[in-house]
Every structure is written in structure tokens, then in C-alpha cells.
Amino acid sequence: MAEVKLLNIKKKYKDGTEAVKGISCTIKDKEFVVLVGPSGCGKSTVLRMIAGLEEITGGELFIGKQKVNDLAASERGIAMVFQNYALYPHMNSYENMAFGLKIKKVPKEEIKERVMAAAKILNVEQLLDKKPAKMSGGQRQRIAIGRAIVRRPEVFLFDEPLSNLDAKLRGKMRIELAKLHKKLDTTMIYVTHDQVEAMTLGERIIVMKDGKIMQIDVPIELFNNPKNKFVAEFIGSPQMNFIDGRIETQDNKLFFKDKNNNTFDLSKLNLNNLKNNVRKGIYLGIRSVNLHPEKGKLENYTILNGEVIAIELLGNQKHIYIEYQDIEIVATFRSEVEVILNSNFELFLDLTKAYFFDIESGERVY
């Protein structure tokens, strides 16, 4: 049983800095969970507290049924894979993978059996006699993962393990890590600042900001149902567009009015709960795929008119950047849609796909 439970976990340094501000969550046995957030949000600190590399200054941490706050890292049944691989340069791959077992005085035959089994899983048998300097970044990362596998831990911890690899290799290694999780069938906790990694790897994702958890959910729910503006903005590429304004009523009908007094008619939509937010500062959020170059079959829409300031070609699609008044809006179109740089362009905003967030709190109100 390798469930990991955090109960009001805190990390406060001697200078008064609060890196983690009382977070609680449960990572289920055999689950692959990703902690994601911008640099400095506390995600790596959380991982290091789970690993026993950082002192917990508040709350309780359980691995399985055992409270581990005061246990040494070596006694927690975890193995950690670091961003910089942390391989011994004077040892070959076999020796690097075997080193932790040798320290524990595991018999030689068992060490060989474990190393060869891990090498087969990772397809690195041909690398066992090579030293780190003779290997690529991807190969070194596989050996670092192999060193963790041979320990047969209850929980694997990954601290941004792919950040030193090029884009193509990162994509390949993401697939390999997902396959590895299925093969090993054990608990994995993975830290990254890359939301693409988080969305493709995590069975559930913990989104963090400023030492707090902003939302925990499966990837598709984070994308479709963000609880606040931060999650809506952080999850998804390109980022969600935001237009600030307020909710108003007229003749018992709802409208969104942006800061330049352009009015978006919401009266045909079932948005009754927005009536509680009349005259409050509100962000209207819309994803790039819900902005269209023509009306088509849209029934509830508004038009955003602006100048095309940039075009990004991405194979079968392209991102179009429009300057709508003083806001930059990005839309995603099929590549064959004709758009001319520096020309005026109309975007049709599908109001049925709009989100609304309180400007003051950032919380989603619809």
C-alpha cells in the first residue's frame, strides 16, 4: 500500500518565508499524479518534503499508514529522479544503477538480477558498460530512472526530469514514462512547470500557485472546468483569452459590458447565476478554439473587431493574434483560413463557451 497523504503540510524557512502554506491532498496507491505550477510556487519543495530532503515545519505526512515526518529519507520507501540525473561520472551505468543496493549490502546476485531487469524494462542493456559522459541526455535519464527502479520503492518521485532534454526527446520520454508507470504499477509523483507534460502524463493534476493548491482534478476537467482564473490561464495552450468588464442588466436581460463599453448580449443564455454579480468587475474568458473566422452555425455570439498583429503557422492550424482595442486576443484556425497580416479582421466569439471570473478574487462565477 503506497498511498501518500498530506494533511495541512507547511514549509516555513527561518527567515519567515512560507514556501508551502498548508496544503492537503491524497495521492492514491498506484496513481500517477503531477504537481504543476510556475517557478517558485512550492511544488518542488512539496516533493522534497515527501522525499525527506526538506524538513516539514507543519502538518502531517503519511506514506501508506505510517506517519513519516521524522523518518529519514532512506526509511520512507521512496526513490527520487532528479532534473540533473545525479549520476556518478566515474562509474558506468551498471555501477550507477547498482550503487544504492551495494550500500545496503544486497547480495551480488540479487543486485545483478535487479539491474538487468530494470535495464530490460528501460531498453538500456547496451548502455550498461558506458559512463555518463559517453551517453546522451535521454540515455542518462533512463539510467537515473533505472537506479530508482532497482530499489523497488513504494513511491517514485520525479523532479522535472525532462527539463534538460530537447523538445523531441521530451515528447518521446513522456510516452516512455507513461508506459513505465503501467509496467511498474506503482505510485508516481511528478513535478513540472510544463503544463503540456502535466496534461499528457497525469492521471490527476495538482495545480499550485504561491504555496497553495489552486485545483486538483483530472486533466480534462482542469481544461473544461477551471475553478479560478489562474487555472484557466495556466492550463491550455495557447492561454485562455480574457476581456475585463462587468455584468449589467437592462429590462431584466443580462449583458457583459467591457471596459470600452462594448456590450455582449447574454440574454439568450441560461446564465441566471450571473445576476448575483451585476456591476462587479468580471473577466470574460474564451479559449482560442472558440473564436471563429465566420458566423457559421453560431446562434449566440459577439463580434470582436481588430487588427491582425501576428500569425503563427503550425502545420494544419495557425494561431491568429488580433489587437482588440488594447487587448491581445489569440484565435486558432485551420491553416487554409485566409488571414492577412496588419489587416482588419472580425472574430466571432461563441458566447456559449465563455467563462466568467470575479476580477477581485479570481474565482469562477460561471
Side-chain angles (χ1 to χ4, degrees), residues 1-12 18-37 41-82 100-101 103-106 110-111 113-114 117-118 121 144-161 177-178 180-192 198 201-208 211-219 221-222:
M1 181 68 174
E3 178 183 86
V4 179
K5 184 176 288 188
L6 288 73
L7 299 176
N8 199 30
I9 291 292
K10 299 176 183 178
K11 178 62 182 181
K12 188 172 184 178
E18 286 186 282
V20 180
K21 301 173 182 177
I23 68 169
S24 298
C25 62
T26 298
I27 296 154
K28 302 170 189 173
D29 182 35
K30 301 179 182 178
E31 189 176 25
F32 197 135
V33 166
V34 178
L35 280 75
V36 67
C41 71
K43 57 189 183 297
S44 289
T45 304
V46 171
L47 198 75
R48 291 174 65 82
M49 286 193 287
I50 295 172
L53 303 177
E54 287 271 6
E55 180 189 3
I56 298 168
T57 54
E60 296 178 310
L61 173 65
F62 293 85
I63 297 177
K65 295 182 179 180
Q66 185 176 21
K67 182 179 174 180
V68 300
N69 287 50
D70 300 318
L71 281 186
S74 60
E75 299 174 333
R76 295 189 181 195
I78 56 93
M80 190 161 177
V81 178
F82 296 91
L101 300 180
I103 293 297
K104 288 188 171 183
K105 300 189 181 334
V106 175
E110 185 178 346
I111 290 175
E113 178 187 332
R114 290 199 198 183
I121 288 172
I145 293 170
R147 183 178 55 191
I149 290 173
V150 299
R151 294 183 58 187
R152 295 178 181 172
E154 293 185 356
V155 182
F156 282 89
L157 306 177
F158 295 90
D159 190 8
E160 305 212 36
L177 283 171
L180 180 65
H181 178 243
K182 288 184 179 179
K183 283 182 182 178
L184 299 179
D185 199 26
T186 191
T187 308
M188 291 186 175
I189 307 173
Y190 187 103
V191 160
T192 182
L201 279 173
E203 294 174 338
R204 281 192 306 150
I205 298 172
I206 300 172
V207 183
M208 292 188 64
K212 298 178 182 178
I213 291 176
M214 305 304 287
Q215 188 170 345
I216 306 175
D217 224 322
V218 297
E221 281 299 303
L222 288 177

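The basis for the numbers below is simple: all heavy atoms, side chains too, and nothing from hydrogens, waters or symmetry mates. The residues of the chain are indexed from 1 along the displayed sequence.
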Revision key, fill the gap. CD1 of I56 to CD1 of I9, rounded to nearest 0.5 Å, is 4.5 Å

Study note, to complete from the structure: Contacts of E221 meeting side-chain hydrogen bond (donor to acceptor under 3.5 Å, both in side chains) (sequence neighbours excluded), chain-then-number -> N225

Practice item. Taking all non-hydrogen atoms of both residues into account, name the closest pair between L201 and A178 and its distance. Key: CD2-N, 4.0 Å

Practice item. Measure across C25 and I213 and return the closest heavy-atom pair with its distance rounded to 0.1 Å. Key: CB-CD1, 4.3 Å

Check your understanding: Any side-chain heavy atom of L180 sitting closer than 4.5 Å to one from M188?
Key -> yes

Point to revise | Whether T187 side chain and A2 backbone form a donor-acceptor pair below 3.5 Å | key: yes

Exercise for review: Please check if the side chain of R76 supplies one atom and the backbone of L71 the other of a donor-acceptor pair under 3.5 Å.
Suggested key: yes

Review point. For M80 and R48, what are the C-alpha separation, side-chain angles and deciding distance, and is it a side chain to side chain contact (heavy atoms under 4.5 Å, CB included)?
Key: CA-CA 9 Å; M80 190 161 177; R48 291 174 65 82; 4.3 Å; yes

**Study point:** Backbone N/O of V207 and side chain of D217: donor-acceptor pair under 3.5 Å
**Key:** no

**Study point:** Polar side-chain atom of T186 near backbone of E154 as donor-acceptor pair, under 3.5 Å
**Key:** yes

Review point. Under a 4.5 Å cut-off applied to non-hydrogen side-chain atoms, are V46 and M208 in contact?
Key: yes

Exercise for review: Considering non-hydrogen atoms only, spot the tightest contact between E203 and V218 and give its length.
Suggested key: O-CG1, 3.5 Å

Practice item. Please report the closest heavy-atom contact between L53 and A73, naming both atoms and the distance. Key: CD2-CB, 4.5 Å

Review point. Going from NZ on K11 to CE on M49, what distance comes out if it is rounded to the nearest 0.5 angstrom?
Key: 7.0 Å

Review point. Of all heavy-atom pairs between A148 and P153, which one has the smallest distance, and what is that distance?
Key: O-CD, 3.4 Å

Point to revise | Qualifying residues under side-chain hydrogen bond (donor to acceptor under 3.5 Å, both in side chains), relative to R114, sequence neighbours excluded | key: E110

Review point. To the nearest 0.5 Å, how far apart are CG in L61 and NZ in K67?
Key: 9.5 Å

Revision key, fill the gap. To the nearest 0.5 Å, atom CZ of R204 lies from atom CG of L35 at 10.5 Å

**Study point:** Enclosure of K10 NZ (heavy-atom neighbours >12, cutoff 6.0 Å)
**Key:** no

Review point. Which distance, rounded to the nearest 0.5 Å, do you find between the CD1 of I189 and the NZ of K43?
Key: 15.0 Å

Exercise for review: Evaluate the side-chain proximity of F156 to I149: yes if any heavy-atom separation is below 4.5 Å, no if none is.
Suggested key: yes

Revision key, fill the gap. Residues L222 and I205: closest non-hydrogen pair is CD1-CB, 3.4 Å

Practice item. Only one of L157, L177, I145 passes side-chain contact (heavy atoms from CB on, under 4.5 Å) with V81; say which it is. Key: I145

Revision key, fill the gap. The reported gap from CD1 in I206 to CD in Q215 (rounded to nearest 0.5 angstrom) is 11.5 Å

Point to revise | Beyond-backbone contact of V4 with V33, side-chain heavy atoms, under 4.5 angstrom | key: no

Check your understanding: Do any N or O atoms from the side chain of S24 and from the backbone of L7 form a donor-acceptor pair under 3.5 angstrom?
Key -> no

Check your understanding: What orientation do F32 and H181 show, parallel under 30°, tilted 30 to 60°, or perpendicular over 60°?
Key -> perpendicular

